[in-house]
Amino acid sequence: MTDDIRAAALESKAWPYEEARKLLKRYPNGKPDGAAIIFETGYGPSGLPHIGTFNEVLRTTMVRNAFHALSDQPTRLIAFSDDMDGLRKVPDNVPNKAMLAEHLGKPLSRIPDPFGTHDSFAAHNNARLRAFLDDYGFQYEFASSTDYYADGRFDDALKGALRHYQAILDVMLPTLGADRRATYSPVLPVSPKSGIVLQVPVEVIDADGGLIAFTDADGERITQTVLGGHAKLQWKVDWAMRWVALGVDYEMAGKDLIDSVTQSSKICRVLGGRPPEGFNYEMFLDEKGEKISKSKGNGLSIEQWLTYGSPESLAFFAYREPKKAKSLHMGVIPRAVDEYWQFCGNYAGQTVKERLGNPVHHIHDGKLPEGALPVTFGLLLNLVSVMGEATSEQVWGYLANYVPDATPEVYPELDRMIGYAIAYGRDFVAPTLVKRAPDAVERAALERLDHELAALPADGDAEAIQNIVYEIGKTQFAGVGGFATLRDWFKALYETLLGSSQGPRMGSFIALYGIANSRRLIAEALARD
């Protein structure tokens, strides 16, 4: 890391650098014994992973990369799955719901996989998450709660929780209602009979030996060890225990978990640890403004976004304004794609300070890939939507009207975007297009546009065409008048030629689609009643 970049990073207002500086303040002289700074992300595999899950790993990685710009201290990122959690309800977006219902209350790692592809429901969901994190190239260590409880890595921390049992109760009980206080226990034993994670009071028999006693669902009094996966902790207590056991220094969380962070931090101190640094990000919302839920499946899946947009556009969307609630639905993908490329285009001409505030710097850790888009994704969408059933080869044929040397070999990134545009246009744009008939003023303007285009060469320049479009919009036509504003003219072009209330810069679109093809669109509009 060069000195000028490090100096700029120490002053940068970009949120990853602001977060990274918290860790410098935490360990001004480095972590003792040169130990690695531990970053953690959490995942509850009670439902399929969605973009919010990926988002937390991505943002944490951005903070980790920013810390590397400020310090040479080693770091680790642990992606932790709470797969010992008991299944509380059957998700809406999975098959074999009746089968899952038979296993309610059991640890997620001990419930059959409703998809039939893995050893357990948790294993399936964990694999889905890891596959995407691996494809994206994240550097992380995956950790399973089940494994850590079963193989003894949490034994010392569990015994510590038993030793401080009453102190933990003193933290938690004031935050609970009367009914919940009566049955609350920081420790959740797994029934040796039903396999269910029980929500029952427990008595600590031998903290150092890890023994507790509780009453099972059938009324039998049982003495059982908490070690070896025979119990887990309530999740706020579990969170705090993980921070202590793993030495976590940084973990972010959603705004809905602010109270949980507060309580877990208190418990962490009770257990002799130091709560990690972090911040609370705002939640993604669906089209209705509701919080995205794994069990409801009301948000976009990672696979859905990547069908219609690039991984970089997803990262761009996640980077922007993390403390502002944002709607996450199919309609945001095209804009994210285009804005990502716009910021990429700006990067080369920026100062070091400006680059560190550019989202793409954090998406690529300052190592931007080569390549550019000679046309916008929005323009590609307009093209494929007008074309109807389009193939990649056909789109490249039209691009030859507009882009010199237009081949996949010259523009591999554009080739990738064409695939996304064809899929998005087919599924979300084309079905909504309704071309209307022009009124008298619009008809006169379209006839004039057709006349002007007829006088141009087949490879007419986009700027020249745009000037023609602009001048026609300012014209008063004898007998019918003109447009009140240029906006009305552009809207008329979009609605009569493209079937949408919004559209591209028409000079660019006509040059891309071709003058002959564009005149055909005009003829179809003029023939429409």
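Side-chain atoms of Asn126 and Asp83 include a donor-acceptor pair closer than 3.5 Å. When only modelled atom types and interatomic distance are considered, Gln166 and Asp170 share a side-chain donor-acceptor pair under 3.5 Å. At a cut-off of 3.5 Å, with distance as the only test, a side-chain donor of Tyr27 or Asp249 sits close to an acceptor on the other residue. A donor-acceptor contact under 3.5 angstrom links the side chains of Glu56 and Tyr281, judged on distance only. Ser260 and Trp235 form no side-chain donor-acceptor contact under 3.5 Å, judged by distance and modelled atom types alone.
Of the possible polar contacts, one joining the Asp113 side chain to the Phe115 backbone as a donor-acceptor pair under 3.5 Å is found.
Across all non-hydrogen atoms, the minimal contact from Ala161 to Ile168 is O-CD1, 3.7 Å. What you find for Val352 and Ala8 is that their closest heavy atoms are CG1-CB, 3.8 Å. Across all non-hydrogen atoms, the minimal contact from Asn280 to Gly254 is ND2-O, 3.5 Å. Asp238 and Asp82 get closest at one heavy-atom pair: OD1-OD1, 4.4 Å.
Counting heavy-atom neighbours within 6.0 Å of Asp156 CG, excluding the residue itself, gives a total of 12 or less. For CZ of Arg221, the number of neighbouring non-hydrogen atoms (other residues, nucleotides, ligands) closer than 6.0 Å is greater than 12. Gln502 CD: 12 or fewer foreign heavy atoms inside a 6.0 Å radius.
Aromatic ring centroids of Phe54 and Tyr136 lie under 6.0 Å apart. Aromatic rings of Tyr319 and Tyr340 (six-membered ring for Trp) have centroids beyond the 6.0 Å cut-off, not under it. Checked against a 6.0 Å centroid threshold, the rings of Phe343 and Phe316 count as neighbours.
When each of Phe428, Phe377, Tyr420 is tested with Tyr308 by the rule ring pair (Phe, Tyr, Trp, His ring centres under 6.0 Å), just one qualifies, namely Phe428.
Taking the six-membered ring for Trp and thresholds of 30 and 60 degrees, Phe154 and Tyr149 have ring planes more than 60 degrees apart, a perpendicular arrangement.
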### Task
Any chance you could lay out the salt bridge (charged side-chain N to carboxylate O under 4.0 Å, His left out) test for Asp155 and Lys159, step after step, and finish with the verdict?
CA-CA 6 Å; Asp155 282 0; Lys159 293 175 184 178; 5.8 Å; no
### Message
Before you tell me yes or no, could you show the steps for Asp208 and Asp206 under side chain to side chain contact (heavy atoms under 4.5 Å, CB included), namely the whole-Å CA-CA distance, both residues' side-chain angles and the distance that decides it to 0.1 Å?
### Response
CA-CA 6 Å; Asp208 291 335; Asp206 179 2; 3.9 Å; yes
### Query
Which is it for Met84 and Arg110 under the side chain to side chain contact (heavy atoms under 4.5 Å, CB included) test, yes or no, and what are the steps along the way?
CA-CA 8 Å; Met84 265 289 286; Arg110 301 176 189 176; 3.8 Å; yes
### Task
Would you please test Glu413 and Trp341 for side chain to side chain donor-acceptor pair (under 3.5 Å) and show each step?
CA-CA 10 Å; Glu413 289 294 336; Trp341 283 105; 5.6 Å; no
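Using a 4.0 Å cut-off between charged nitrogen and carboxylate oxygen, Glu321 and Lys326 do not count as a salt-bridge pair. Salt bridge annotation for Lys353-Glu11: absent, with no cationic side-chain nitrogen under 4.0 angstrom from a carboxylate oxygen.
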